[in-house]
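Below: the structure, in structure tokens.
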Amino acid sequence: MKDSLVLLGRVPAHPDSRCWFLAWNPAGTLLASCGGDRRIRIWGTEGDSWICKSVLSEGHQRTVRKVAWSPCGNYLASASFDATTCIWKKNQDDFECVTTLEGHENEVKSVAWAPSGNLLATCSRDKSVWVWEVDEEDEYECVSVLNSHTQDVKHVVWHPSQELLASASYDDTVKLYREEEDDWVCCATLEGHESTVWSLAFDPSGQRLASCSDDRTVRIWRQYLPGNEQAHLHQAHSQDVNCVAWNPKEPGLLASCSDDGEVAFWKYQRPEGL
Amino acid sequence: MAGSQDIFDAIVMADERFHGEGYREGYEEGSSLGVMEGRQHGTLHGAKIGSEIGCYQGFAFAWKCLLHSCTTEKDSRKMKVLESLIGMIQKFPYDDPTYDKLHEDLDKIRGKFKQFCSLLNVQPDFKISAEGSGLSF
């Protein structure tokens with residue numbers, strides 16, 4: 001039987017503007033989309049079709065660039081070009097904005113929840129990465145402002161099992177951060193890309209980090225104490241590589257997509273004994 | 001014979017000699033002008049950094065007094081961050097422009113200041129201009 005991809009449905013999600021990002025909730029029942037119309041839409045199935053279950057407006061004054069579900073699925077964070085990050089709380093089918101995180105000087109490019117659900121990271125064109133802590137009363141506090149990058153920070157992602165944060169930047173590097181003696185510090189810088197690093201992804205085991213860049217390559221990084229070593233480099237596409245994602249179930253299966261319009265699938269093999 | 005060699009040398013080498021003298025004079029004058037220009041540049045640049053850090057320090061000391069009486073748990077994080085900021089400012093090497101981590105430490109101070117403002121829920125608008133620095137809330 002041949003592989004096939006069948007279209008189930010198509011919906012006009014963000015009229016007259018760009019749809020920037022999508023995120024499935026952890027339960028897989030809802031899809032959040034966000035876009036240039038400053039709104040977030042939550043989609044779910046009703047019978048055989050996909051319908052818009054709610055529209056989150058009044059949260060942002062400019063494009064919403066990214067949305068991220070908390071690990072428990074009860075909260076949605078939205079990062080916007082208006083320099084703020086909104087936290088929405090799910091109440092059955094409705095979402096209420098419980099707080100707005102301010103502090104970045106300009107466009108927030110990415111937001112990510114740590115697997116523990118207690119920490120949140122945001123990054124911005126202002127070159128900084130902010131780490132926030134949330135307590136049981138839904139109060140958010142800034143735990144650290146990290147000014148390690150020298151240019152626009154495009155993406156932040158947490159390690160799947162450790163409290164380790166990674167960021168990708170226009171300055172061609174990937175930086176890693178952890179908490180040391182009550183303060184967050186940059187513990188490693190991964191150099192090698194020759195242009196903007198657009199996106200990052202840890203594999204489900206957390207032993208490999210994939211990064212993709214404007215330099216058209218995908219690089220796989222392995223932790224090598226005391227430093228870090230690039231395990232593999234591949235000329236991935238003919239144009240900028242925008243995103244890279246590990247399959248959550250099949251080890252070594254990696255997908256990448258590019259400005260050249262293609263999606264490439266890769267099989268990463270670990271060398272023996274490592 | 002040696003005498004006539006010297007006379008001709010004086011004429012033949014005149015161009016080169018004057019070139020050399022001119023170069024040396026120019027180099028000395030250029031050096032001293034360069035030192036003056038460098039000093040002006042350094043003064044301006046140093047003043048900017050000093051002004052910025054001085055502002056953070058004043059801000060930190062003022063808040064230290066204001067928060068002096070607060071003892072709730074939430075305030076303990078504010079105090080910790082405040083003490084950390086004050087510590088960083090005091091450790092900053094003001095008299096060593098060749099300190100290799102100067103900009104790194106300055107960025108850490110800026111980050112700490114921003115974090116502190118976020119905890120206070122205060123949005124400072126720090127401006128440095130030729131007329132002098134100002135901090136508005």
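Just so we're on the same page: letters track the sequence lines, and every chain starts at 1.
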Legend entry - Distance, nearest 0.5 Å, that separates NZ of Lys108(B) from OG of Ser144(A): 10.5 Å

Legend entry - Proximity breakdown for Val143(A) and chain B, heavy-atom pairs closer than 4.5 Å: both

Inset, instruction - Could you tell me the separation between the CZ atom of Arg110(B) and the OG atom of Ser128(A), rounded to the nearest 0.5 Å? - result: 12.5 Å

Inset, instruction - Supply the atom-to-atom distance His103(B) NE2 to Thr150(A) OG1, rounded to the nearest 0.5 angstrom. - result: 13.0 Å

Inset, instruction - Count the heavy atoms belonging to other residues, nucleotides or ligands that lie under 6.0 Å from CD of Glu21(B), then report whether that count exceeds 12. - result: yes

Legend entry - Neighbour count >12 (heavy atoms, 6.0 Å) for atom OH, Tyr170(A): no

Legend entry - Residue part contacting chain A, namely of Arg77(B), when any heavy atom lies under 4.5 Å: side chain

Inset, instruction - Can you establish whether the number of heavy atoms outside Asp96(B) located under 6.0 Å from its atom CG is more than 12? - result: yes

Inset, instruction - Can you see which heavy atom on Glu102(A) is nearest to which on Ser118(B), and at what distance? - result: O-OG, 4.4 Å

Legend entry - Option that, when pairs with chain B are counted at under 4.5 Å, heavy atom only, ranks first among Asp135(A), Leu101(A), Asp182(A): Asp182(A)

Inset, instruction - Please answer whether the main-chain N or O of Val145(A) pairs with a side-chain N or O of Gln115(B) as donor and acceptor at a distance below 3.5 Å. - result: no

Legend entry - Region of Trp184(A) that comes under 4.5 Å of a non-hydrogen atom in chain B: neither

Inset, instruction - Grab the two heavy atoms, one from Asn147(A) and one from Asp107(B), that are nearest each other, plus how far apart they are. - result: ND2-O, 2.9 Å

Inset, instruction - Might you confirm whether atom CZ of Arg18(A) has over 12 heavy atoms from other residues, nucleotides or ligands at distances under 6.0 Å? - result: no

Inset, instruction - Decide if atom NZ of Lys78(B) counts as having more than 12 heavy atoms of other residues, nucleotides or ligands within a radius under 6.0 Å. - result: yes

